[in-house]
**Student:** 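The following block contains the structure, expressed as structure tokens.
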Amino acid sequence: MPGFELFGAEERKEVNDVLETGILMRYGFDGPRKGIWKAQELEKAITETFGCQYAQLTSSGTAALTTAMVALGIGAGDEVIMPAFTFVASFEAVLSVGAIPVLVDVDDTLTLNPIAVKNAVTPKTKCVMPVHMCGSMADLDALAAICKEHNLILLEDACQSIGGTYKGKALGTIGHAGTFSFDFVKMITCAEGGVVMTNDKEVYTKSDGYTDHGHDHLGVDRGADLHPFIGYNYRISELHAAVGLAQIKKLSTFLELQKKNNKALRAYLEQVPEISFRRVPEGGEDSCSFLSWFLPTAEQTQSVVAEMKEQGILAGNFYWFANNWHYISKWDHLKNATTLSRISDEQEAALTKLKSTVFAESDAIMSRCISTAISLVWTEDQIHEKGTRMVAAINKVLGK
Ligand SMILES: *Cc1c(COP(=O)(O)O)cnc(C)c1O
């Protein structure tokens, strides 16, 4: 998953280009920057690499989601249907624009269950936001059909699935808009950063202005820009963009290594007939940042987690069901609507309702799931050792 594992001379060179001029901001200073425009270059590279018409960099993936929502017209009281298994940023962004997160079940794809989405549509629904978790995707055709039927926006949180594809298209470029995160542990990193991708010129223009205080970027200089609407500051810096530029040039290498290592580790787990694997929707290609696998029961899964911990081999294996960041079961701050300042009554009511909402289908899936993070720098020997020791721990629990 993480591009930071292969940080090196390329990143240093791109950052040094910026340090040479000292122009750390992405806008303006046309003379002193001596032709160095790293953020612009990275945006162009993103459109070319992932096949979308427009890309707007932001200061984080969370900022990208917020920006996309605002640019798509999602705001106060609008319901956004999203999965109960995701990263906290997904609901943070929804709340930040005054909208209502409506959490629904995931299925064995570890992403939105289209039936649960269909059942959650109300007259207030404005958007369906699949989160392509752990490298692989939601059933986008099924979700797009629901959106079409009910005239809803499809916004892809592809923050952790950079490089995955669905029916030949890059994840994040299929909905009305999509986002990536370039935080430190993502497939490619800027240290901190994110992007909104879209094929809709208006969504792009709004994203461009919103991330920079509403500037229209049409003036001869920043002071001459007009402000057609109120914006915010979600800008990326040239230093961050420079790191991302070096990383995106290495993406195909990252993906190749990741797929190879994922496949090699999977071959070990496939020796255990009780193990099944995360379903990838037809036509999808997993970025392979994680190998996600299931045991038959929650008890066995918890015992395997305990056994791996005991043997000191748990690192890099994630049991999301009990993880504070990623699953509804541990989001007490969300369910208690613990905010630092007042939120709307509508938002508060929706959050409080989550406390009594049962996510039985998600529980049944997530309580049996372990995701193993795939490293880009594993050697064959390390994979052999990892695979062998994991299988031994699993077999011990299964009594074999
Ligand atoms: C990482 C991540 C984000 C947010 O990204 P940041 O850049 O850390 O703000 C959003 N959604 C998902 C699913 C993520 O994994």
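The model shown is predicted, which means the values in this text are computed figures rather than measured ones. One is the number of the first residue; the rest follow in order along the sequence.
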**Student:** What distance separates D17 CG from L239 CG, expressed to the nearest 0.5 Å?
**Tutor:** 11.0 Å
**Student:** Ion pair present between K396 and E307, side-chain N to carboxylate O less than 4.0 angstrom?
**Tutor:** yes
**Student:** Closer than 3.5 angstrom, by distance alone: can the side chain of T49 be matched with the main-chain N or O of I46 as a donor-acceptor pair?
**Tutor:** no
**Student:** Counting C-beta onward and ignoring hydrogens, is there a side-chain heavy-atom pair between S362 and I328 closer than 4.5 Å?
**Tutor:** no
**Student:** Taking a hydrophobic cluster as the set of Ile, Leu, Val, Met, Phe, Trp and Tyr residues connected by side-chain heavy atoms closer than 4.5 Å, whether directly or through intermediates, do I365 and V117 fall within one such cluster?
**Tutor:** no
**Student:** Measure from the side-chain N and O atoms of Q247 to the backbone N and O of G3, and report whether any donor-acceptor pair falls under 3.5 Å.
**Tutor:** yes
**Student:** What is the distance from atom CG of L351 to atom CZ of F91, rounded to the nearest 0.5 Å?
**Tutor:** 8.5 Å
**Student:** Would a single hydrophobic cluster contain both I146 and M82, if residues Ile, Leu, Val, Met, Phe, Trp and Tyr are joined by side-chain heavy-atom contacts under 4.5 Å?
**Tutor:** no
**Student:** Taking atom CD of E310 as the centre, does the number of heavy atoms from other residues, nucleotides or ligands within less than 6.0 Å exceed 12?
**Tutor:** no
**Student:** For atom NE2 of H384, decide whether the heavy atoms of other residues, nucleotides or ligands shown that lie under 6.0 angstrom number more than 12.
**Tutor:** no
**Student:** Check the pair E274, Q300 against side-chain contact (heavy atoms from CB on, under 4.5 Å), reporting the backbone distance first and the verdict last.
**Tutor:** CA-CA 11 Å; E274 287 85 351; Q300 288 165 338; over 6 Å; no
**Student:** Can you hop from M133 to W293 via hydrophobic side chains spaced under 4.5 Å?
**Tutor:** yes
**Student:** Could you check Q53 against T198 for side-chain contact (heavy atoms from CB on, under 4.5 Å), going step by step and ending with a plain yes or no?
**Tutor:** CA-CA 6 Å; Q53 285 197 48; T198 184; over 6 Å; no
**Student:** Look up atom CG in D212 and atom OH in Y27, then write down how far apart they are to the nearest 0.5 Å.
**Tutor:** 5.0 Å
**Student:** Could you point out which residue of N336, L340, L334 forms a side chain to side chain contact (heavy atoms under 4.5 Å, CB included) with T338?
**Tutor:** N336
**Student:** I need the L265 CG to T372 OG1 distance, nearest 0.5 Å.
**Tutor:** 6.0 Å
**Student:** Only one of E256, E5, E11 passes salt bridge (charged side-chain N to carboxylate O under 4.0 Å, His left out) with K250; say which it is.
**Tutor:** E11
**Student:** Spell out, as yes or no, whether a donor-acceptor pair under 3.5 Å connects the side chain of N113 to the backbone of D107.
**Tutor:** no
**Student:** Will you find, in the side chains of T58 and T67, an N or O donor that is under 3.5 Å from an N or O acceptor?
**Tutor:** no
**Student:** Starting at CG of L295, measure out to OG of S303 and round the result to the nearest 0.5 Å.
**Tutor:** 9.5 Å
**Student:** Shortest non-hydrogen contact from T62 to A89?
**Tutor:** OG1-CB, 3.4 Å
**Student:** Could you walk me through whether F294 and L110 satisfy the side-chain contact (heavy atoms from CB on, under 4.5 Å) test, starting with their C-alpha distance in whole Å, then the side-chain angles of each, then the deciding distance to 0.1 Å, before giving a yes or no?
**Tutor:** CA-CA 11 Å; F294 304 100; L110 303 185; 3.9 Å; yes
**Student:** Kindly give the heavy-atom pair with the smallest separation between I162 and L255, and that separation in Å.
**Tutor:** O-CD2, 4.2 Å
**Student:** Which of parallel (below 30°), tilted (30 to 60°) and perpendicular (above 60°) describes F184 and F4?
**Tutor:** parallel
**Student:** If we ignore hydrogens and angles and just use 3.5 Å, is the side chain of S371 paired with the main-chain N or O of L291 as donor and acceptor?
**Tutor:** no
**Student:** Ring centres of F359 and Y327 under 6.0 Å apart?
**Tutor:** no
**Student:** We want to know whether N323 and K330 form a side-chain donor-acceptor pair, criterion being a heavy-atom distance below 3.5 angstrom.
**Tutor:** no
**Student:** Counting C-beta onward and ignoring hydrogens, is there a side-chain heavy-atom pair between T111 and R278 closer than 4.5 Å?
**Tutor:** yes
**Student:** Return yes if some donor-acceptor pair links the side-chain N/O of T179 with the main-chain N/O of V195 below 3.5 Å, else return no.
**Tutor:** no
**Student:** Any non-hydrogen side-chain atom of D78 less than 4.5 Å from a side-chain atom of V97?
**Tutor:** no
**Student:** Would you say that T125 contacts H150 through its side chain, given a criterion of any heavy-atom pair below 4.5 Å between the two side chains?
**Tutor:** no
**Student:** Considering only heavy atoms from C-beta outward, does the side chain of V121 approach that of E149 to under 4.5 Å?
**Tutor:** no
**Student:** Without swapping roles, check the side chain of E346 against the backbone of I100 for a donor-acceptor pair under 3.5 Å.
**Tutor:** no
**Student:** Do C159 and K186 make a side-chain contact, defined as non-hydrogen atoms from C-beta onward lying under 4.5 Å apart?
**Tutor:** yes
**Student:** Examine distances only and state if a side-chain atom of D157 and a backbone atom of S90 form a donor-acceptor pair shorter than 3.5 Å.
**Tutor:** no
**Student:** Is it possible for you to say whether V102 and I343 belong to one hydrophobic cluster, with membership spreading through side-chain heavy-atom contacts below 4.5 Å?
**Tutor:** no
**Student:** Within this structure, what is the CG-CD distance for the pair L140 and E156, rounded to the nearest 0.5 Å?
**Tutor:** 5.0 Å
**Student:** Please report the closest heavy-atom contact between C134 and D286, naming both atoms and the distance.
**Tutor:** O-OD1, 4.2 Å
**Student:** Same cluster for W37 and L57 if Ile/Leu/Val/Met/Phe/Trp/Tyr side chains link at under 4.5 Å?
**Tutor:** no
**Student:** Taking salt bridge (charged side-chain N to carboxylate O under 4.0 Å, His left out) as the criterion, tell me which of R33, R26, K38 meets it with E238.
**Tutor:** R33
**Student:** Show your working on side-chain contact (heavy atoms from CB on, under 4.5 Å) between V70 and K206 and close with a plain yes or no.
**Tutor:** CA-CA 8 Å; V70 169; K206 289 176 175 172; over 6 Å; no
**Student:** Which atom names give the shortest non-hydrogen contact between M25 and F29, and what distance separates them?
**Tutor:** SD-CE1, 4.0 Å
**Student:** Measure up the Y234 and Y210 rings against each other and bin them: parallel (under 30°), tilted (30 to 60°), perpendicular (over 60°).
**Tutor:** tilted
**Student:** Considering only heavy atoms from C-beta outward, does the side chain of L6 approach that of F254 to under 4.5 Å?
**Tutor:** yes
**Student:** Taking CD in Q382 as the centre, count heavy atoms belonging to other residues, nucleotides or ligands within less than 6.0 Å. Is the count above 12?
**Tutor:** yes
**Student:** Give me the atom names and distance for the closest heavy-atom approach of L112 to P114.
**Tutor:** O-CD, 3.3 Å
**Student:** Can you tell if the side chain of C190 reaches within under 4.5 Å of the side chain of L42, non-hydrogen atoms only?
**Tutor:** yes
**Student:** Answer yes when D141 and K167 have at least one side-chain N-carboxylate O distance shorter than 4.0 Å, and no when they do not.
**Tutor:** yes
**Student:** Donor-acceptor pair, distance only, cut-off 3.5 Å: does the side chain of E79 make one with the backbone of K126?
**Tutor:** no
**Student:** Where the side chain of T47 meets the backbone of K44, is there a donor-acceptor pair that is under 3.5 Å apart?
**Tutor:** yes
**Student:** Which heavy-atom pair separates E14 from A246 by the least distance, and what is that distance?
**Tutor:** CG-CB, 3.8 Å
**Student:** Evaluate whether atom CG of D221 has more than 12 neighbouring non-hydrogen atoms of other residues, nucleotides or ligands under 6.0 angstrom away.
**Tutor:** yes
**Student:** Hey, is the main chain of D225 close enough, under 3.5 Å, to the side chain of D216 for a donor-acceptor pair?
**Tutor:** no
**Student:** Can you spot which of Y319, W320, F290 makes a ring-ring contact (aromatic ring centres under 6.0 Å, His included) with H326?
**Tutor:** W320
**Student:** Is R266 close enough and on-axis enough to F277, meaning under 6.0 Å and within 45°, for cation-pi?
**Tutor:** yes
